[in-house]
**Student:** 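First the structure, which I've put down as structure tokens, then a few questions once you've had a look.
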Amino acid sequence: MDLIKIELPDGSIKEVESGATPYDVALTIGEGLARQSIAAYSDGELVDLNTPLKSSGTLSLITQNSPEALEIVRHSSAHLMAQAVKDLYGDAVQVTIGPAIKDGFYYDFYSETKKFVPEDFPVIEAKMTELAKADQAVLREEISRGDAIELFRGMGEDYKVELIEDLDAETVSLYRQGDFVDLCRGPHVPRTGMLKVFKLTSLAGAYWRGDEKNAMLQRIYATAFLNKKDLKVHLNRLEEARKRDHRKLGKELDLFSFSEEAGGGLVLWHPKGAMLRSIIEDFERKEHLKRGYELVVGPQILKTDLWKMSGHYDNYRENMYFTEVDEQGYGIKPMNCLAHMLIYKSKPRSYRNLPVRYFELGTVYRHEKSGVLHGLLRVRGFTQDDAHIICRPDQIDAEVKGVMNFVQDVAGIFGFEYVMELSTRPEKSIGSDADWDQATNALRSALEDSGLPYELNEGDGAFYGPKIDVKLKDALDREWQCATIQCDFTLPERFDLTYVGTDGEKHRPVMLHRVVLGSIERFIGVLIEHYAGSFPLWLSPVQAVVLNVTDSQAAYAQQVFEQLREAGVRVELDIRNEKLGFKIREAQVSKIPYMLVIGDREMENQTIAPRYRNGKNMDAMTVSDFISMVQTEASAYK
RNA sequence: GCCCACAUAGCUCAGUCGGUAGAGCGCAUCCUUGGUAAGGAUGAGGUCACCAGUUCAAAUCUGGUUGUGGGCUCCA
């Protein structure tokens with residue numbers, strides 16, 4: 001037998017016989033390590049623990065402590081689940097795909113007869129446990145593409161056949177455990193006995209290959225961990241996240257509601273929610289004016305012909321609401337750009353006056369598919385902090401950077417972490433290569449200048465131009481697009497926007513569509529979850545509540561309340577005939593930052609005794625001292 | 001829009017086998033005047049989401065509609 005040299009991460013070299021596996025190598029170091037190992041990197045490539053090593057090279061073992069371990073375990077758990085399902089339901093169910101995902105894994109099944117229900121979960125879990133306890137070896141096998149097609153066709157697994165038919169490779173790899181076989185790249189745990197902690201979580205429909213024209217598959221979501229403790233931590237985290245859910249908090253804090261009578265996806269803002277909105281809108285106007293934007297306001301409906309001219313009628317009609325009066329058709333605006341262009345067009349423009357930056361808190365209506373509505377995060381009527389920057393091509397760069405800085409400033413104030421994505425030219429697109437290059441480079445260089453990481457979504461741009469998307473996460477870590485910057489060459493063309501250049505000729509400007517918060521509704525949804533309902537003082541709809549200890553201080557409490565309200569503090573008065581503890585509790589539960597307690601002592605000294613919502617009592621102070629404290633704190637966005 | 005599930009008092013939820021409904025909180029009234037997270041008593045409040053159907057009888061079974069939740073597709 002030939003000997004090969006295997007270099008380990010610590011630099012040491014093991015000599016083993018050719019054909020030895022990573023498991024064998026692990027054994028030479030220690031039995032414990034071998035037991036702990038899940039897979040390995042051989043020359044940088046992920047391989048199974050029982051893959052024969054044919055030549056000298058590097059080897060790095062993936063143990064339970066490695067970051068990759070969980071993903072492999074979950075992927076193997078997906079196979080185990082598929083095996084269990086096939087064992088239980090046989091030919092009635094076809095397997096398709098089952099990857100590991102963040103927080104777990106899923107497997108998609110096709111069946112005409114078997115409808116999975118949550119009651120099946122314990123049955124499937126029990127079968128999985130049984131199969132795992134059997135501790136079957138998980139074996140990799142490589143066969144030719146043709147043989148694989150024949151094999152899966154013989155088994156009646158049409159979806160697997162389709163997958164293999166679309167593969168380029170000469171050979172494909174299969175994984176077998178017991179009598180279950182699945183097409184898979186691997187790697188997997190060496191034995192099913194290594195899968196110990198798993199839990200089926202939910203059931204969902206999913207289109208085959210993510211295309212709504214294809215068959216609807218049944219997806220079972222599940223999760224798996226290396227030990228029970230990690231599973232428990234994960235379940236606790238989900239529990240905590242549910243407490244932050246903006247839909248739950250929105251009801252508890254009386255911020256907003258939806259009504260079946262009004263219609264799905266249409267928000268009813270209650271006084272406290274409307275106050276929060278209004279605070280954010282005031283903030284927005286101020287910040288935009290500071291940055292050279294001008295406020296504009298367009299109409300809520302515009303003639304249908306205009307939507308035809310813009311291309312929305314052809315490309316976006318499904319999402320629009322239309323109305324007709326006096327035989328004239330109107331479209332309710334799903335976007336704000338049209339009015340802004342009409343304002344631009346209302347008079348001749350010179351290169352000297354560019355860029356123009358039109359800002360509007362524009363309320364739009366979009367007919368979103370019923371299944372996608374989600375609290376405030378996906379609605380049908382919403383207000384965008386929308387602006388259109390119409391500029392010369394040579395100004396794109398500076399304008400994009402300006403918007404990026406704006407976005408970063410605002411994210412800093414709210415304390416958000418975010419993910420950025422650059423989406424480039426899709427296959428179906430319009431405009432010249434030069435335009436696309438220039439716009440894409442402008443966006444890219446703004447991203448590079450920010451020094452922050454971003455993802456590249458090749459070919460994911462709008463048909464009219466590339467874009468940067470900024471995504472924020474909700475309590476459950478789902479990403480929601482908020483800010484976006486899009487370059488557009490099409491609409492200026494379609495609307496024949498022009499400016500007179502230095503040469504006295506007409507030129508075509510470029511338009512940037514951009515939002516900073518995105519939609520006020522969505523932003524507030526994310527904001528509620530971000531702060532778990534405990535808004536900083538400057539955002540709190542109610543900043544303070546005046547509480548009297550007994551009826552005898554009611555008149556003084558009333559006087560303090562009025563003094564605060566006049567000073568612009570958002571304050572409430574609670575002089576109900578209740579014990580102080582009760583009132584404190586209510587204020588605490590509604591997450592009001594300051595509780596101002598007034599008893600005989602305070603009335604005597606003409607002071608108030610503030611209690612912060614973290615439970616800390618402050619020394620008594622005069623009302624005017626409290627007012628200036630609140631003003632200082634709020635103006636610093638605290 | 002598609003798949004699965006769900007819809008009972010203002011809120012959170014119970015309601016067994018088909019025999020027309022309960023709790024806690026909240027609300028109202030009264031008692032209590034109490035110093036930092038729930039004082040006590042009494043009372044009001046429900047076309048069981050909506051529309052059909054099965055049945056002597058439907059909150060309960062069946063179908064449809066609307067809405068909601070988790071996904072898929074799509075998107076701020």
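A, B, ... follow the sequence lines: proteins, then strands. Residue 1 opens every chain. None of these values were measured; they are calculated from a predicted model.
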**Student:** Is there a salt bridge (Lys or Arg N to Asp or Glu O under 4.0 Å) between A/K243 and A/E240? Walk through the geometry before answering.
**Tutor:** CA-CA 5 Å; A/K243 287 184 195 159; A/E240 286 305 309; 3.1 Å; yes
**Student:** Does A/A204 reach a base, just sugar-phosphate, or nothing at all? Heavy atoms under 4.0 Å.
**Tutor:**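 Result for A/A204 = base.
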**Student:** Hey, is the main chain of A/D460 close enough, under 3.5 Å, to the side chain of A/N457 for a donor-acceptor pair?
**Tutor:**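 No, A/N457 side chain to A/D460 backbone: no donor-acceptor pair under 3.5 Å.
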**Student:** Is it the case that the side chain of A/Q94 and the backbone of A/D158 share a donor-acceptor pair, with hydrogens and angles ignored and the cut-off at 3.5 Å?
**Tutor:**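 Judged by distance alone, yes, a pair lies under 3.5 Å.
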**Student:** What is the distance, to the nearest angstrom, from the CZ atom on A/R219 to the C1' atom on B/C3?
**Tutor:**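 That distance rounds to 11 Å.
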**Student:** Measuring only between side-chain heavy atoms, which start at C-beta, is A/L376 closer than 4.5 Å to A/F256?
**Tutor:**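 They are in contact (side-chain heavy atoms under 4.5 Å apart), so the answer is yes.
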**Student:** Ignoring backbone atoms, establish whether A/R247 has a side-chain N or O less than 4.0 Å from OP1 or OP2 of B/U68.
**Tutor:**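 For B/U68, neither OP1 nor OP2 has a side-chain N or O of A/R247 closer than 4.0 Å.
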**Student:** Give the C-alpha distance, both sets of side-chain angles, the deciding distance and a yes or no for salt bridge (Lys or Arg N to Asp or Glu O under 4.0 Å) between A/R514 and A/E399.
**Tutor:** CA-CA 11 Å; A/R514 48 105 287 179; A/E399 289 306 312; over 6 Å; no
**Student:** For atom C1', what is the distance between B/C56 and B/U16, given to the nearest Å?
**Tutor:**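 The answer is 23 Å between these two C1' atoms.
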**Student:** May I ask which nucleotide in the shown strands pairs with B/A58, Watson-Crick or G-U wobble, both distances under 3.5 Å?
**Tutor:**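 Looking at the geometry, B/A58 pairs with no nucleotide.
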**Student:** Looking only at atom C1', what distance separates B/A7 and B/U65, rounded to whole Å?
**Tutor:**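 It works out to 13 Å between them.
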**Student:** Could you check whether A/F258 and the base of B/G67 form a stacked pair, meaning centres closer than 5.5 Å and planes differing by less than 30°?
**Tutor:**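 Per 5.5 Å and 30° rule: no stacking.
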**Student:** Looking at the base of B/C74, is there any donor atom on it, or on the side chain of A/R378, that sits under 3.5 Å from an acceptor on the other one?
**Tutor:**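 Flag set: donor-acceptor pair detected.
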**Student:** Find the distance A/K248:NZ to B/U12:P and express it as a whole number of Å.
**Tutor:**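 Taking atom P of B/U12 as the reference, NZ of A/K248 is at 8 Å.
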**Student:** Would you give a per-nucleotide map of nucleotides 34-42 of chain B, 5' to 3', where B means the base has a protein non-hydrogen atom under 4.0 Å away, S means only the sugar-phosphate does, and - means neither?
**Tutor:** BBBBBS---
**Student:** Tell me whether the side-chain N/O atoms of A/R478 come closer than 4.0 Å to OP1 or OP2 in B/G70.
**Tutor:**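 Yes, such a contact exists.
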**Student:** If you look at every strand shown and take non-hydrogen atoms under 4.0 Å, does A/G210 touch a base, only sugar-phosphate, or nothing?
**Tutor:**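 The answer is sugar-phosphate, as A/G210 gets under 4.0 Å only of primed atoms, P, OP1 or OP2.
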**Student:** By a strict heavy-atom criterion of less than 4.0 Å, which residues belonging to residues 520-537 of chain A are in contact with RNA chain B?
**Tutor:**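 Close to the strand are A/R522.
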**Student:** Does B/U42 have a Watson-Crick or wobble partner in any strand here, with both distances under 3.5 angstrom, and which is it?
**Tutor:**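 Per the H-bond distance test, B/A28.
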**Student:** Rounded to the Å, how far apart are A/L266 CG and B/U66 P?
**Tutor:**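 After rounding, the reported distance stands at 15 Å.
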**Student:** For residues A/R357 and A/H388, determine if any side-chain heavy atom of one lies less than 4.5 Å from a side-chain heavy atom of the other.
**Tutor:**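 No, every pair of side-chain atoms sits at 4.5 Å or beyond.
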**Student:** Would you tell me if any nitrogen or oxygen in the side chain of A/H374 comes within less than 4.0 Å of OP1 or OP2 on B/G70?
**Tutor:**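 Affirmative; the distance criterion is met.
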**Student:** So which one's nearest nucleotide on RNA chain B is more toward 5', A/L517 or A/M216?
**Tutor:**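 Checking each residue's closest nucleotide, the 5'-ward one belongs to A/M216.
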**Student:** Assign each of A/W480 and A/R209 to its nearest nucleotide of RNA chain B by heavy atoms, then name whichever residue's nucleotide is nearer the 5' end.
**Tutor:**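 Here A/R209 is the residue nearer the 5' end.
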**Student:** Does NZ or CZ of A/R291 lie under 6.0 Å from the centre of the six-membered ring of A/Y293, at an angle within 45° of the ring axis?
**Tutor:**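 Checked: cation-pi criterion not met.
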**Student:** With rounding to whole Å, what would you report as the distance between B/G34 and B/G39 at their P atoms?
**Tutor:**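 It comes out at 14 Å once rounded to the nearest Å.
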**Student:** Is A/Y594 close to A/L596 at the side-chain level, that is, under 4.5 Å between some pair of heavy atoms?
**Tutor:**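 Touching, per the 4.5 Å side-chain cut-off.
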**Student:** For B/C72, what is the paired nucleotide under Watson-Crick or G-U wobble rules, both distances under 3.5 Å?
**Tutor:**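 Base-paired to B/G1.
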**Student:** How close or far is atom P of B/C2 from atom CG of A/D108, stated in whole angstroms?
**Tutor:**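 One finds 19 Å between P of B/C2 and CG of A/D108, rounded.
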**Student:** B/C4 C1' sits how many Å from A/F121 CZ, rounded?
**Tutor:**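 Value for this atom pair: 9 Å.
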**Student:** Using atom P of each nucleotide, how far apart are B/U42 and B/U47 to the nearest Å?
**Tutor:**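 That atom pair is separated by 26 Å.
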**Student:** Taking the side chain as every heavy atom from C-beta outward, state whether A/R366 and A/R380 have any atom pair closer than 4.5 Å.
**Tutor:**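 Result no, sub-4.5 Å side-chain heavy-atom pair not found.
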**Student:** Mind checking A/V364 for me? I need base, sugar-phosphate or nothing, with any heavy atom below 4.0 Å counting as a touch.
**Tutor:**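 It contacts nothing in the nucleic acid.
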**Student:** Suppose you measure atom C1' in B/U20 against the same atom in B/A76; what distance do you get, rounded to whole Å?
**Tutor:**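 Looking at atom C1' only, B/U20 and B/A76 are 48 Å apart.
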**Student:** Whole-Å distance between B/U8 P and A/E260 CD?
**Tutor:**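 Taking atom P of B/U8 as the reference, CD of A/E260 is at 11 Å.
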**Student:** Less than 6.0 angstrom from the centroid, inside 45 degrees of the normal: does A/R74 satisfy that with respect to the ring of A/F225?
**Tutor:**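 The answer is yes; both the distance and angle limits are met.
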**Student:** Counting Watson-Crick and G-U wobble pairs only, both distances under 3.5 Å, name the nucleotide matched with B/A14, or none.
**Tutor:**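 The base-pairing partner of B/A14, which may sit in any strand shown, does not exist here.
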**Student:** Using the P atom as the reference point in each nucleotide, state the distance between B/C4 and B/C11 in Å, no decimals.
**Tutor:**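 Pairwise P distance, B/C4 against B/C11, rounds to 29 Å.
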**Student:** Check for a donor-acceptor pair, side chain of A/K471 on one end and backbone N or O of A/C482 on the other, with a separation under 3.5 Å.
**Tutor:**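 Here the side-chain-to-backbone pair does not exist.
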**Student:** Rounded to the nearest angstrom, tell me the gap between atom CZ in A/F116 and atom P in B/C3.
**Tutor:**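 Distance check: A/F116 CZ to B/C3 P gives 17 Å.
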**Student:** Please classify the nucleic acid contact of A/R242 as base, sugar-phosphate, or nothing, using heavy-atom distances under 4.0 Å.
**Tutor:**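 Answer is nothing: A/R242 stays at 4.0 Å or more from every strand.
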**Student:** Rounded to the nearest angstrom, tell me the gap between atom NZ in A/K369 and atom P in B/C3.
**Tutor:**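 The answer, rounded to whole Å, is 13 Å.
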**Student:** Pick base, sugar-phosphate or nothing for A/Q218, based on heavy-atom distances below 4.0 Å to the nucleic acid.
**Tutor:**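 No contact.
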**Student:** Between B/G1 and A/S370, is there an OP1 or OP2 to side-chain N/O distance shorter than 4.0 Å?
**Tutor:**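 A/S370 to B/G1 OP1/OP2: side-chain N or O found under 4.0 Å.
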**Student:** Does any nucleotide pair with B/U36 by Watson-Crick or G-U wobble geometry, both distances under 3.5 Å, and what is it?
**Tutor:**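 Partner of B/U36: none found under 3.5 Å.
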**Student:** Indicate, yes or no, whether a donor-acceptor pair under 3.5 Å links the base of B/G71 to the side chain of A/Y207.
**Tutor:**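 Answer no: no donor N or O sits under 3.5 Å from an acceptor.
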**Student:** Categorize A/K251 for me: base, sugar-phosphate, or nothing, with a 4.0 angstrom heavy-atom threshold over every strand shown.
**Tutor:**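 Sugar-phosphate contact only.
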**Student:** For the side chain of A/S590 and the backbone of A/I592, is there at least one donor-acceptor N/O pair under 3.5 Å apart?
**Tutor:**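 Here the side-chain-to-backbone pair does not exist.
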**Student:** If you measure from the C1' atom in B/C61 to the same atom in B/G26, how many Å do you get, rounded?
**Tutor:**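 My reading of the C1' atoms in B/C61 and B/G26 gives 35 Å.
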**Student:** Has the side chain of A/Q218 got a donor or acceptor atom that lies under 3.5 Å from a matching backbone atom of A/F116?
**Tutor:**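 Yes, the answer is positive, given that a donor and an acceptor are paired below the 3.5 Å cut-off.
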**Student:** Output the single nucleotide from B/G70, B/G71, B/C74 whose closest atom is nearest the side chain of A/Y221.
**Tutor:**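 Nearest listed nucleotide: B/G71.
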**Student:** With rounding to whole Å, what would you report as the distance between B/A49 and B/C6 at their C1' atoms?
**Tutor:**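 Each nucleotide's C1' atom is 12 Å from the other's.
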